[in-house]
Amino acid sequence: MATKGERILEVRDLVKHFPLTQGIVMKRQIGAIKAVDGVSFDLDRGETLGIVGESGCGKSTLAKVLMALERPTSGSVMINGKDIAKARGAELKRMRRNIQMVMQDPYTSLNPRMTVGDIIGEPYDIHTEVAPKGDRARKVQELLEVVGLNPDHINRYPHQFSGGQRQRIGIARGLALQPEVIVCDEPVSALDVSIQAQVINLLERLQNEFNLAYIFIAHDLSVVRHISDRVAVMYLGKVVEIGNDVDIYDKPAHPYAQALLSAVPVPDPEGREQRERIILQGDPPSPANPPSGCRFRTRCWKAQEICATEEPLLQIRPGTTHESACHFAETHDVVHVN
Amino acid sequence: MSKTSLDELPAEGGRGNGPLLDVDNLHVEFATRAGVVRAVNGVSYSLNPGETVAVLGESGSGKSVTAQAIMGILDVPPARIPQGEVRFHGTDLLKLSEEARTQVRGQRIAMIFQDALSALNPVFTVGWQISEMFRVHRGMSKRDGMKKAVELMDKVRIPAAKQRVNDYPHQFSGGMRQRIMIAMAIALDPEVLIADEPTTALDVTVQAQIMELLAELQRESNMGMILITHDLGVVADVADKIAVMYAGRIVENASVHDIYKAPAHPYTKGLLESIPRVDLKGHELYAIKGLPPNLLDMPTGCAFHPRCPYRQDDCVTDAPPLYEIGGTRNSACHYWREVLDGDQG
Ligand SMILES: Nc1ncnc2c1ncn2[C@@H]1O[C@H](COP(=O)(O)OP(=O)(O)OP(=O)(O)O)[C@@H](O)[C@H]1O
Ligand SMILES: Nc1ncnc2c1ncn2[C@@H]1O[C@H](COP(=O)(O)OP(=O)(O)O)[C@@H](O)[C@H]1O
Ligand code: SF4
Ligand code: SF4
Ligand SMILES: [Mg+2]
Ligand SMILES: [Mg+2]
């Protein structure tokens, strides 16, 4: 097995625009939804990159482009040095083995008419080389055991399992092809608190065991902090701040990251009256028509003229330790101030 | 059983004896093909004016069914309330006639739902739906009702309310729809507001906006709020008291400060310990083992016993009552002393 720390994924200037059309018979393109608009980051083996941001900011679209379920408008997704975004046919198939996904909703993401054995073993239909026919049942039972389910339940149907158990089935399926990268899109959001912890522990155990790299998308920021080595904050299709977990949570530099963190309720009532809360006004603007310059400027309390004319690039700014995309970036520990 | 009349309720703003709302040993069951589902098995909590009580519990624990019973919006049958009282200013709402309840529902006890989109009617404008409260309950004209609707939309901070009053629900974002539902709920100045997971479907940034709005409205009018949620962060932020539910029962009642400092029930303790904490990064999270029970096949004795680290032999046979453990605190655990002391079972 390859060693920890080696680069596995390199994402450069990734863009995904969805055409906005008008007319039913004669479709005319009248614009584009800029769901992902120039995203770059790296991921090492055995590492977890958390991705946070409001709904609609492009997290799931990014996940789909990484998985080559959607073709990017431009940019590259290099897995082990090869661009999956440009791969076709047999090569794409081979590359897909290496990057798998665990989805949000354990209730709808599994086909209710298939047995658990068929669901977990389905990837083997496409990649017969991984598990020859006679070997499949044994492989699936091994996977069930790895994720803490009873191997004897291989012939049961999804409705016979609880939400947390169904999420384990989804994880087992994601592991079937022994990928090096797993993209988890809100893997615990639909689960109850008491079950969330079980699934997070499982993901961490599997990461250590198989040196997996994770992209971990979630809206629960304390869960993201727990599991991530690095965290990227997205706003309207762009990464506005990226750094290790301490950088982002204790020293956020971008106003949006600060607002997002301050909005997270802290599960401790002591000192709640003194806690700083930055309440953003309004909703994010439409990704079909993002503001000029800095996209956050319509909700930003620090905006100046330059923010409307010049787009702030994602880079290390004076007085900060990690990359942020704000002309006036300034470290401010919103979570711990009293 | 004689029907109490509404006259026994004090007029709005008046004070009866005891709490504003007192849910006492409430039971609700549903007749289903698979058998009788005992969704609520003895729920008690009380609410005073200006106070926020958080009802915390996982999916299926009976939080919403309890709320529906308080509102009187359960479908009877299949639902049945075999036992318990819901006292509002001391009068048992369950004994009121349907007409009398209609006078209370929406006017004096109002509710907002988790899913605003399905709670609002897609074919009427939001202004029409808000003004309906005034037309139906206050006999206002259409014009005056619409004026009121604009005022309320302003109050819940919908930008450009005057221009948007004739828009339909789907034309608003999730956060704005939730505000519109709040506007409808507070239209008639209720004394009690039941908010069933009002922010679960929303982003944290929008959640913060909505929670701030609710707190402000509550300060202005001194209404009592029952906040149903499974988010331990939201509870710590806004609640005065907490009622923790498990498998249809209250397992712990306490003030917010007491419960976060020292829980008195193993389930509450497990929930609090499973929150990821910065100082425990890199370690396994504490996880309550096993699954919540099936209501059709409840464990004997204490419903939590198959998952409980404090379990003793008697837990399997004797269901714990809701013990009074000092002040206004309750715990439904035989071994609450050990749990409070933090002795691991
Ligand atoms: N009409 C009904 N018929 C049969 N069972 C029902 C009915 N309504 C609710 N139940 C059951 O009653 C139990 C409690 O449901 P309830 O909706 O109160 O849960 P909850 O605590 O609000 O959960 P959630 O957090 O998922 O909203 C569940 O097991 C549910 O399936
Ligand atoms: N297939 C599609 N066609 C058009 N717009 C889309 C499509 N998929 C996503 N979008 C839009 O792209 C934006 C980003 O969506 P998404 O990636 O799902 O956000 P997130 O996962 O961060 O909530 C949203 O405005 C969404 O409506
Ligand atoms: S660049 Fe300007 S508008 Fe954008 S976040 Fe920084 S201060 Fe705010
Ligand atoms: S009564 Fe027994 S099983 Fe139930 S919570 Fe207490 S110790 Fe655990
Ligand atoms: Mg998404
Ligand atoms: Mg509910």
Side-chain angles (χ1 to χ4, degrees), chain A residues 52-57 161-165 189-202 204-205 219-229 245-246 249-250 256 259-270 272-273 275 277-284 286 299 335-336, chain B residues 56-61 157 159 172-176 199 201-209 211-213 230-240 242 255-261 267 270-278 280-292 294 307:
Chain A
V52 299
E54 285 163 296
S55 86
C57 73
F161 293 89
S162 71
Q165 288 173 324
S189 311
L191 305 176
D192 277 315
V193 196
S194 77
I195 308 302
Q196 271 188 16
Q198 296 176 0
V199 173
I200 292 165
N201 286 342
L202 171 65
E204 291 208 297
R205 207 189 78 222
H219 68 260
D220 184 330
L221 280 87
S222 59
V223 168
V224 172
R225 178 167 202 174
H226 180 81
I227 200 166
S228 304
D229 300 300
D245 59 301
V246 178
Y249 284 80
D250 296 346
Y256 176 67
L260 191 66
L261 285 167
S262 83
V264 179
V266 179
D268 179 1
E270 300 315 316
R272 65 184 180 185
E273 282 77 23
R275 210 167 285 143
R277 283 184 190 76
I278 304 167
I279 307 248
L280 289 178
Q281 299 307 319
D283 295 321
S286 156
R299 299 167 89 193
V335 181
H336 299 103
Chain B
L56 184 77
E58 47 203 330
S59 186
S61 59
R157 293 196 219 102
F172 293 87
S173 70
M176 287 205 270
T199 59
L202 306 173
D203 280 313
V204 284
T205 46
V206 184
Q207 167 171 292
Q209 295 170 357
M211 293 317 298
E212 191 197 47
L213 173 65
H230 59 258
D231 187 322
L232 292 152
V234 171
V235 172
D237 244 3
V238 303
D240 299 304
I242 304 184
S255 82
V256 68
H257 293 283
D258 285 348
I259 219 164
Y260 279 77
K261 229 177 272 154
Y267 175 64
L271 283 183
L272 289 170
E273 281 174 2
S274 61
I275 301 174
R277 287 194 354 223
V278 179
L280 294 181
K281 192 178 156 95
H283 297 267
E284 271 214 337
L285 290 175
Y286 175 79
I288 300 177
K289 63 176 190 194
L291 301 170
N294 175 352
R307 308 176 76 184

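Quick note on labels: first sequence line is chain A, next is B, and so on, each numbered from 1.
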**OP:** Sort A/Ile279 into side chain, backbone, both or neither according to what part of it lies under 4.5 angstrom from a heavy atom of chain B.
**Re:** side chain
**OP:** Determine the option with the most heavy-atom pairs under 4.5 angstrom with chain B, choosing from A/Glu204, A/Glu270, A/His219.
**Re:** A/Glu270
Original post:
With a 4.5 Å limit on heavy-atom distance, are the side chains of A/Pro265 and B/Gln207 in contact?
Top reply: yes
Original post:
B/Met211 versus chain A, heavy atoms under 4.5 Å apart: side chain, backbone, both or neither?
Top reply: neither
Subject >> Heavy-atom closest pair, residues A/Asp268 and B/Ala236 >> reply: N-CB, 3.4 Å
Subject >> Shortest non-hydrogen contact between B/Pro276 and A/Ser222, atoms and distance >> reply: CB-O, 3.7 Å
**OP:** Heavy-atom distances under 4.5 Å only: say whether A/Gln281 touches chain B with side chain, backbone, both or neither.
**Re:** backbone
Subject >> Between NE2 on residue B/His230 and CD on residue A/Gln196, distance to nearest 0.5 Å >> reply: 7.5 Å
Subject >> Interchain contact, A/Asp220 with chain B, by part (heavy-atom threshold 4.5 Å) >> reply: neither
Original post:
To the nearest 0.5 Å, what is the distance between CG (A/Asp229) and NZ (B/Lys281)?
Top reply: 6.0 Å
Original post:
In this structure, are over 12 heavy atoms from other groups packed under 6.0 Å from B/Arg157 atom CZ?
Top reply: yes
**OP:** Let me know if B/Gln209 has heavy atoms under 4.5 Å from chain A in its side chain, its backbone, both or neither.
**Re:** both
**OP:** Name the option with the most non-hydrogen atom pairs under 4.5 Å to chain A; the candidates are B/Val234, B/Ile288, B/Asp203.
**Re:** B/Asp203
Original post:
Can you say whether B/Leu232 sits under 4.5 Å from chain A via the side chain, the backbone, both, or neither, judging by heavy atoms?
Top reply: both
**OP:** Measure A/Leu280 against the heavy atoms of chain B and call it side chain, backbone, both or neither at under 4.5 Å.
**Re:** both
Original post:
Yes or no on side-chain contact (heavy atoms from CB on, under 4.5 Å) for A/Arg275 and B/Asp237, after CA distance, side-chain angles and deciding distance?
Top reply: CA-CA 10 Å; A/Arg275 210 167 285 143; B/Asp237 244 3; 3.2 Å; yes
Subject >> From B/Arg277 atom CZ to A/Arg225 atom CZ, the distance as rounded to the nearest 0.5 Å >> reply: 12.5 Å
Original post:
Could you give the distance from OH (A/Tyr256) to OG1 (B/Thr205), rounded to the nearest 0.5 Å?
Top reply: 5.5 Å
Original post:
Does any heavy atom of chain B fall under 4.5 Å from the side chain of A/Gln198, the backbone, both, or neither of them?
Top reply: both
